[in-house]
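As structure tokens, the structure follows; a few thoughts come after it.
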Amino acid sequence: MKFLPVDEQLQVIRRGATEIISEDELADRLNRSRKSGRPLKIKLGCDPTRPDLHLGHSVILRKLRQFQDLGHQAILIIGDFTARIGDPSGQNKTRPPLSAKEIEDNAKTYLDQAGKVLDREKLEIVYNSDWLAEMKFDDVIRLSSRLTVARMIERDDFSRRFERNEPISLHEFLYPLAQGQDSVHLESDVELGGTDQKFNLLVGRQLQQQDGQSPQVCLMTPLLVGTDGEKKMSKSYDNYIGINEDPNNMYGKVLRITDHQIYPWFELLTDLDSDQLKEMKAKVKADPRNTKHELARTITAIYHGDEAAEKARQHFEQTVIRKEVPDDAMELSYEAGTTHRLLDIIAEAGLTSSNGETKRLMKQGGVSLDENKVTDKGYEITFEAGQKLHLKVGKRKFAVLKAE
RNA sequence: GGGGGGAUACCAAAGUGGCCAACUGGGGCAGACUGUAAAUCUGUUGGCGUAAGCCUUCGUAGGUUCGAAUCCUACUCCCCCCA
């Protein structure tokens, strides 16, 4: 394996990274790896508790991919054992432990989705139950003696919970130790994580050092701000864009972000090089509208391909800008001469979750037939042969009613 | 082991016998507006029903009462203080 010159590698690695502890050590390792021809071991742990990946997760996965492309060995740890604890980082609640079956299913889903970002062929996948489950109580005691309570509770997620009288279970203290033990076991050279992982990553460093290994380099990426423009992207805030999301939704959701997010998203979610990024920065200012569309298209194309991205753009223009019924709207057929209540048609098509909701929408002007709002709850349609009606329910649900 | 506090809809949080399907805020949804699915303003936010009305919901199970989220009993879970 031939490696790029160290400074070129560093340039790629640095992109979008918040902090590297430390860069000198990293350069040093890259140098040695280049000389010996041995790739670095890059560790990323994943938590198989919530299997649906979103663009927020993709930031760190993309970073791992970059290391792969530079010729290094990416190791993805499925935290099947640590998932039984639940990472307390940034949490204000104890997480409920999962069953073995749930973890297994989640891990599979996770890999399917992560495979869209990573090079699966070159990826090493390990399960941390392989070594953590083997540890004796004795080993656990020795491990937990390495960190003091004071150090633990100075973390703000713990101290905050402590101050607010929220419960902290004792086993949560073991999480960073377990994660650190992973690094010791794998003898990792670099560990990746979000900025919220700093404490955990540093524990890995400390444990390696105490075990006579050279401590891993810690690389942190920023937490991606979600579609609400405020909080980090997360499923529980419902401000996320899933990796598996269909192209139309993906495109539309990207377009929803605030203007000042456009640039960071380019930086963290796309492959533009530093020159292109610089150009983008200027573009965002000059023409936010089109630049945002470009962002939406780029991101959608990464996960669904160019063609789907282009279709998504058209879909958006059609439905949101021109407020027309999209070409791919569901079609419902009715026998000519029959009469149906619109309420029932909507219910049968599953466009709303209850008749109450449909009535509410009607009252608010959210239901229309061929561009005409229907506000009468008892509205009935008698179909004539060959008739075609465009039904719109809410902002994004469409159907074409046909009479045969 | 002892003492105290708590559990309300998606989340937070009022309500302490009828006016409670339950104040308010956040979130969601819709309308107007917009380059936008952003921001803003307005409305709306358990189910069935054209409607009158009915049904389900305030930790769980019983009870008191014409009537309970509200009172009583038991249970489950959580938090704090002292040890």
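To find a chain, count down the sequence lines: A is the first, B the second, and so on, and within it residues start at 1.
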Among the nucleotides A32(B), U36(B), G43(B), which one has an atom lying closest to any side-chain atom of K292(A)?
U36(B)
Look at all strands and tell whether R341(A) reaches a base, only sugar-phosphate, or nothing, counting heavy atoms closer than 4.0 Å.
sugar-phosphate
With a 4.0 Å cut-off on heavy atoms, is D259(A) in touch with a base, just the backbone sugar-phosphate, or nothing at all?
base
Considering Watson-Crick and G-U wobble pairs with both distances under 3.5 Å, what does A52(B) pair with?
none
Between the side chains of E191(A) and K43(A), is the shortest nitrogen-to-carboxylate-oxygen separation below 4.0 Å, so that they form an ion pair?
yes
With sugar-phosphate meaning primed atoms plus P, OP1 and OP2, does N248(A) contact a base, only sugar-phosphate, or nothing at under 4.0 Å between heavy atoms?
base
Mapping K363(A) and T258(A) onto RNA chain B by nearest heavy atom, which one lands closer to the 5' end?
T258(A)
Should the pair Y334(A) and F383(A) be assigned to parallel (<30°), tilted (30 to 60°) or perpendicular (>60°) ring geometry?
parallel
Base G31(B) to side chain K395(A), donor-acceptor N/O within 3.5 Å cut-off
no
Same-atom distance (P) from C71(B) to G15(B), integer angstrom:
12 Å
Closest to the S354(A) side chain: G31(B), G47(B), U44(B)?
G47(B)
Could you check which nucleotide pairs with C19(B) in any of the strands shown, counting Watson-Crick or G-U wobble with both distances under 3.5 Å?
none
Please evaluate the base of A30(B) for a donor-acceptor partner in the side chain of R360(A) within a cut-off of under 3.5 Å?
no
Are R62(A) and D69(A) close enough for a salt bridge, meaning some N to O gap below 4.0 Å?
no
Could you please name the option among U44(B), U50(B), U36(B) that lies closest to any side-chain atom of L343(A)?
U50(B)
So, are E371(A) and K392(A) salt-bridged, with charged N and O less than 4.0 Å apart?
no
Atom pair distance, as rounded to whole Å: CG in L295(A) and C1' in G35(B):
15 Å
Atom pair distance, as rounded to whole Å: NZ in K397(A) and P in G31(B):
12 Å
Ignoring the backbone of Q364(A), work out which of G49(B), C29(B), G35(B) is nearest its side chain.
C29(B)
Would one find a side-chain N or O of K373(A) under 4.0 angstrom from OP1 or OP2 of A32(B)?
yes
Gap in Å between the two P atoms, one belonging to C19(B) and one to U34(B), rounded
45 Å
Can you find an N or O donor on one side and an acceptor on the other, under 3.5 Å apart, linking the side chain of K377(A) with the base of U50(B)?
no
SB check D119(A) K122(A) (cutoff 4.0 Å)
yes
Please determine whether a side-chain nitrogen or oxygen atom of N249(A) lies at a distance below 4.0 Å from atom OP1 or OP2 of A37(B).
no
Across the strands shown, which category fits R289(A) at heavy-atom distances under 4.0 angstrom: base, sugar-phosphate, nothing?
base
In plain terms, say whether E310(A) and R313(A) are close enough for a salt bridge, that is, a side-chain N and a carboxylate O under 4.0 Å apart.
yes
Determine the Euclidean distance between corresponding C1' atoms of A69(B) and U8(B); express it in Å to zero decimal places.
7 Å
C41(B) pairs with which nucleotide, Watson-Crick or G-U wobble, both distances below 3.5 Å?
G31(B)
Could you tell me how far C79(B) sits from G31(B) if I compare only their P atoms? Round to whole Å.
45 Å
It should be established whether K359(A) places a side-chain nitrogen or oxygen under 4.0 Å from OP1 or OP2 of nucleotide A51(B).
yes
Can you tell me the base-pairing partner of G62(B)? Count Watson-Crick or G-U wobble geometry only, both distances below 3.5 Å, and say none if there is no partner.
C72(B)
By nearest-nucleotide position on RNA chain B, the 5'-leaning member of G356(A) and H293(A) is H293(A)
Using atom C1' in both nucleotides, what's the gap between C75(B) and G28(B) to the nearest angstrom?
36 Å
Roughly how far apart, to the nearest Å, are A38(B) and G4(B) at atom C1'?
49 Å
Send over the distance from L361(A) CG to U44(B) C1', rounded to a whole Å.
10 Å
Is E331(A) salt-bridged to K388(A), going by a charged N under 4.0 Å from an acidic O?
no
Whole-Å P distance, G49(B) and U64(B)
36 Å
Using a 4.0 Å heavy-atom cut-off across all strands, classify L255(A) as base, sugar-phosphate, or nothing.
base
How far does the C1' atom of C72(B) sit from the matching atom of C81(B), given to the nearest Å?
29 Å
What is the nucleic acid contact for G252(A), judged by heavy atoms within less than 4.0 Å: base, sugar-phosphate only, or nothing?
base
